[in-house]
Trainee: 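Can you keep this structure in mind? I'll have questions shortly.
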Amino acid sequence: MTRDIASAEAELLARANKLAGSTLADVAAATGNPVPLDLRKAKGWIGELLECALGATAGSRPVPDFPELGIEMKTLPVGRNGRARESTFVCTATVRGGHTETWENSPVRAKLNRMLWIPVDADPERPLAQRRLGRPFLWSPCAAEESVLRNDWEEIMDMIAIGELAAISSEMGTWLQLRPKAMHGSARTTTFDENGVPTKTLPRGFYLRAAFTNRLLGHG
DNA sequence: ATCTGATCATCT
DNA sequence: AGATGATCAGAT
């Protein structure tokens, strides 16, 4: 890593650190965003608020939030017990088969390679506006962690490559899992079955299990 | 349509 | 209570 990337990364972390302890109402006021009553119809609101506050530039492109730094930012909803309340969406899964994607050049690895995690109070008893941000931290997988993540990814992608998407269960994967990622249950995208015939299927995404993010929170 | 941001709601 | 399966909003 070059020195300017390293310092830009440190500067991003410093800016995120200044937000630690703020309420969502504070951040919303500073960025000129209204706070919704709850997240039922604004599920991504906290993530979008923090992207706005920190100046993420990726938009909805399938690249890390801070492309020039190679950093992916994620909010991490934490319950009163200090543990993650939800899995973490990583990115859409390429479900169209073909064996061109490798772990090394996959979008999953590009995002997991360097992440800025921002814990957020997600106590459902506390009104959204009063929830506070925790202390952000940068993370990259160590060799052992990357090996597990890579194995999960390869098992899933191997099944997709041979047309066995329909047989993939959400229970596959130690830390990475494949789950529906769609507007509703009748959404469809194209995949290829075991005979190579184009077939419609529910779009899927890769998610990190809470068992994984809890390790990052010190609850391994 | 398909990507991003995720949490909700239900089942076990 | 935890995990799976379903769903909601916005950008391109």
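Chain naming here is simple, since letters A, B, ... match the order of the sequence lines and numbering starts at 1 in each. From a predicted model like this one, the values you see are computed outputs, not experimental measurements. When reading the values below, keep in mind they use all heavy atoms of this one structure, side chains included, and skip hydrogens, waters and symmetry mates.
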Trainee: Is it true that, when you exclude Arg80(A) itself, more than 12 heavy atoms of the residues, nucleotides or ligands shown sit nearer than 6.0 Å to its CZ?
Mentor: no
Trainee: Do you see a donor-acceptor pair shorter than 3.5 Å between the side chains of Lys200(A) and Thr189(A)?
Mentor: no
Trainee: Between Asp26(A) and Thr23(A), does any side-chain donor sit less than 3.5 Å from a side-chain acceptor?
Mentor: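 Yes, Thr23(A) and Asp26(A) have a side-chain donor paired with an acceptor closer than 3.5 Å.
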Trainee: Output the rounded distance in Å from CG (Leu202(A)) to P (dT7(C)).
Mentor: 9 Å
Trainee: May I ask you to verify if any side-chain N or O of Arg204(A) is less than 4.0 angstrom from the OP1 or OP2 atom of dG5(C)?
Mentor: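 No, no such contact exists.
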Trainee: Would you tabulate the nitrogen or oxygen pairs shorter than 3.5 Å linking the protein to nucleotides 5-7 of chain B?
Mentor:
unit_1 : atom_1 : unit_2    : atom_2 : d
dG5(B) : OP1    : Asp65(A)  : OD1    : 2.8
dG5(B) : OP1    : Asp65(A)  : OD2    : 3.4
dG5(B) : OP1    : Glu72(A)  : OE2    : 2.8
dG5(B) : OP2    : Lys74(A)  : NZ     : 3.2
dG5(B) : N7     : Lys181(A) : NZ     : 3.1
dG5(B) : O6     : Lys181(A) : NZ     : 2.2
dG5(B) : N2     : Gly44(A)  : N      : 3.4
dA6(B) : OP1    : Thr75(A)  : N      : 3.2
dA6(B) : OP1    : Thr75(A)  : OG1    : 3.1
dA6(B) : N6     : Tyr207(A) : OH     : 2.7
dT7(B) : O2     : Lys43(A)  : NZ     : 3.2

Trainee: Rounded to whole Å, how long is the line connecting atom CG of Leu208(A) with atom P of dT4(C)?
Mentor: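 Distance check: Leu208(A) CG to dT4(C) P gives 13 Å.
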Trainee: Nearest whole angstrom, please: distance from the P of dG2(C) to the CZ of Arg80(A).
Mentor: 14 Å
Trainee: More 5' along DNA chain C: Ser60(A) or His184(A), using each one's nearest nucleotide?
Mentor: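 Between the two, 5'-proximity favours His184(A).
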Trainee: If the cut-off is 4.0 Å, is Thr189(A) near the phosphate of dT2(B), judged by side-chain N/O to OP1 or OP2?
Mentor: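 For dT2(B), OP1 or OP2 has a side-chain N or O of Thr189(A) closer than 4.0 Å.
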Trainee: Could you grab the distance from atom OG1 of Thr199(A) to atom CG of Asp193(A), nearest 0.5 Å is fine?
Mentor: 4.0 Å
Trainee: How many whole angstroms separate atom CE of Met183(A) from atom P of dC8(B)?
Mentor: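 One finds 15 Å between P of dC8(B) and CE of Met183(A), rounded.
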Trainee: Could you label the plane-to-plane angle of the Phe212(A) and Trp175(A) rings as parallel, tilted or perpendicular, counting under 30° as parallel and over 60° as perpendicular?
Mentor: tilted
Trainee: With a non-hydrogen cut-off below 4.0 angstrom, is Arg61(A) in contact with a base, only sugar-phosphate, or nothing?
Mentor: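 Sugar-phosphate contact only - Arg61(A) comes under 4.0 Å of backbone atoms but never of a base.
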Trainee: How many whole angstroms separate atom CG of Asp38(A) from atom P of dA9(B)?
Mentor: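 Atom-to-atom, Asp38(A) to dA9(B), this comes out as 9 Å.
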Trainee: Verify the neighbour count for atom CZ of Arg40(A): are there more than 12 heavy atoms of other residues, nucleotides or ligands below 6.0 Å?
Mentor: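 Check fails, neighbour count at 12 or below.
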Trainee: Which nucleotide in the list dT4(C), dA9(C), dC3(B) gets nearest to the side chain of Ser170(A)?
Mentor: dT4(C)
Trainee: For Gln177(A) and dT4(C), is the shortest distance between a side-chain N/O and OP1 or OP2 below 4.0 Å?
Mentor: yes
Trainee: Categorize Arg188(A) for me: base, sugar-phosphate, or nothing, with a 4.0 angstrom heavy-atom threshold over every strand shown.
Mentor: sugar-phosphate
